[in-house]
Amino acid sequence: MMFNSIRRVAIVGGTHGNEWTGIYLVKKFEQFPELIARSSFEMITLLGNPKAIAANRRYIDQDLNRCFSHEDLSNPTLTSYEEQRAKAIAAQLGPKENPQVDFIIDLHSSTANMGLTILPSSTDLFNLRLCGYLSQIDPAVRITLGIACHQDMPMLRSLSPLGCTIEVGAIAQGVLDARHLQQTEMLVHAILDYLDAINQGNPMPVPSSMTVYQAIESIDYPRNSSGELQAMIHPQLQFKDYAPLQDGDPMFLSFTGESIFYREEKVVYPVFINEAAYYEKKIAMTLTSKQQFKLDAT
Ligand SMILES: [Zn+2]
């Protein structure tokens with residue numbers, strides 16, 4: 001895409017109503033807007049799902065962060081609470097083909113041990129160079145590309161081609177961990193400073209390449225014919241997000257004590273292992289491949 005400058009940036013928290021890190025950070029930024037003010041662009045802050053936040057639930061009727069496909073946004077018959085919220089948010093930040101904001105930061109947390117994960121909104125080189133910068137200033141930052149990383153994915157971040165989701169964990173739903181909140185805040189400031197520096201004509205240095213984790217597929221738990229769980233995440237895999245999983249490594253432990261093993265030659269790097277919100281999505285983990293991505297293309 002053609003890049004002119006970043007004129008408006010949106011920070012969203014509480015897209016999921018029980019992920020308190022982003023909710024309390026957005027509330028803090030709304031109380032002290034000078035913290036996120038930068039001279040070269042305008043800031044917008046937004047709490048994505050107020051009713052779910054009040055109820056301390058992920059959502060009221062359905063997952064808001066799956067309501068942003070182009071088709072659903074333009075379907076007037078979809079009127080659940082989250083479908084209405086998605087349309088209202090798209091009216092404020094979007095539409096996708098001509099967004100009113102140039103960059104969206106969507107703040108999330110995970111019960112999986114995601115550490116500090118950035119999920120860029122697109123594989124636009126602008127986004128990926130920013131990711132490279134963030135992983136250079138803090139090697140704990142990991143860059144993960146979703147299975148569907150295109151502009152019609154149903155996530156809120158897809159309202160703008162530039163931007164990212166920040167996913168921190170492991171943290172329980174409805175809980176604050178000061179360390180996660182501070183790390184997320186540090187990342188937000190690093191992103192805003194990076195964007196501001198580009199606008200000022202003094203871009204930050206970016207490494208020539210970075211490690212990315214490319215999602216391959218999501219794996220469900222073993223279930224019986226009624227859909228009931230037959231096994232749990234294996235204790236040796238719990239909290240091992242981003243660690244290599246090799247042929248013969250245990251993945252699940254059945255309730256009768258039998259281990260279920262990974263049986264593929266390809267080494268993969270599971271993420272979102274045992275994410276509480278994903279049981280209903282039939283996702284026990286997402287397998288990724290670890291790749292080097294060149295950033296010095298000119
Ligand atoms: Zn979330």
Side-chain angles (χ1 to χ4, degrees), residues 13-23 25 52 56-59 63-66 105-120 131 134-135 138-149 153-157 164-184 187 211-223 229 231-246 249-253 260 262 267-290:
T15 300
H16 293 132
N18 55 9
E19 295 177 0
W20 284 14
T21 308
I23 294 167
L25 257 185
N56 190 22
R57 283 164 52 179
R58 182 175 176 89
Y59 55 77
D63 190 339
L64 175 61
N65 210 27
R66 300 294 182 273
I105 307 171
D106 194 15
L107 305 178
H108 289 254
S109 63
S110 175
T111 66
N113 190 17
M114 297 298 281
L116 281 174
T117 293
I118 308 280
L119 296 151
C131 289
L134 296 174
S135 56
D138 184 352
V141 170
R142 293 195 180 92
I143 311 303
T144 301
L145 300 174
I147 294 172
C149 196
M153 58 186 178
M155 288 77 173
L156 185 150
R157 65 177 180 269
C164 61
T165 290
I166 299 177
E167 194 77 67
V168 295
I171 183 163
Q173 299 170 342
V175 168
L176 281 171
D177 177 326
R179 191 173 44 105
H180 286 138
L181 189 130
Q182 288 179 324
Q183 288 172 330
T184 304
L187 278 177
T211 300
V212 300
Y213 295 85
Q214 171 67 58
I216 307 165
E217 61 172 329
S218 293
I219 306 284
D220 191 13
Y221 296 88
R223 295 175 192 265
L229 295 177
M232 308 163 277
I233 295 294
H234 196 283
Q236 286 183 37
L237 186 58
Q238 179 64 28
F239 295 132
K240 296 287 170 55
D241 302 74
Y242 294 107
L245 183 71
Q246 309 188 35
D249 287 345
M251 294 178 87
F252 298 103
L253 184 65
I260 298 163
Y262 177 69
V267 178
V268 292
Y269 299 78
V271 299
F272 289 112
I273 299 169
N274 212 359
E275 162 56 49
Y278 288 177
Y279 279 82
E280 67 177 27
K281 295 186 196 298
K282 298 187 162 34
I283 296 174
M285 68 193 78
T286 296
L287 305 183
T288 73
S289 66
K290 189 177 182 178

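From a predicted model like this one, the values you see are computed outputs, not experimental measurements.
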Q) Can W20 and N56 be counted as having a side-chain donor-acceptor contact under 3.5 angstrom? A) yes
Q.
Is it true that Y242 and N113 share a donor-acceptor pair across their side chains at a distance under 3.5 Å?
A. no
(Q) If the condition is side chain to side chain contact (heavy atoms under 4.5 Å, CB included), which residues does T211 pass it with, not counting sequence neighbours? (A) Y213, K290, Q292
Q: With the side chain counted from C-beta on, respond yes when Y269 and R142 share a heavy-atom pair under 4.5 Å apart, and no when they do not.
A: no
Q: Check for a donor-acceptor pair, side chain of T165 on one end and backbone N or O of I118 on the other, with a separation under 3.5 Å.
A: no
Q. Cut-off 3.5 Å, side chains only: do E19 and H108 have a donor facing an acceptor?
A. yes
Q. Does any N or O in the side chain of H234 come within less than 3.5 Å of the main-chain N or O of Q236, such that one atom is a donor and the other an acceptor?
A. yes
Q: Taking D241 for its side chain and I273 for its backbone only, find out whether a donor-acceptor pair lies under 3.5 Å.
A: yes
(Q) Donor-acceptor pair, distance only, cut-off 3.5 Å: does the side chain of N65 make one with the backbone of L156? (A) yes
Q: Kindly write out the residues that satisfy salt bridge (Lys or Arg N to Asp or Glu O under 4.0 Å) with D63, not counting sequence neighbours, or none if the list is empty.
A: R58, K281
Q: Go through the steps for N274 and Y221 under the test side chain to side chain donor-acceptor pair (under 3.5 Å), then give the verdict.
A: CA-CA 10 Å; N274 212 359; Y221 296 88; 3.1 Å; yes
**Q.** Y278 vs S218, side chain to side chain donor-acceptor pair (under 3.5 Å): CA-CA, chis, key distance, verdict
**A.** CA-CA 10 Å; Y278 288 177; S218 293; over 6 Å; no
Q | Test item: S109 side-chain N/O and G169 main-chain N/O as donor-acceptor pair under 3.5 Å | A | no
Q | F239, CZ atom: more than 12 neighbouring heavy atoms under 6.0 Å | A | no
Q. Just checking, any donor-acceptor pair under 3.5 angstrom between side chains of S110 and E275?
A. yes
Q: May I ask you to decide if S135's main-chain N or O and D138's side chain share a donor-acceptor pair within less than 3.5 Å?
A: no
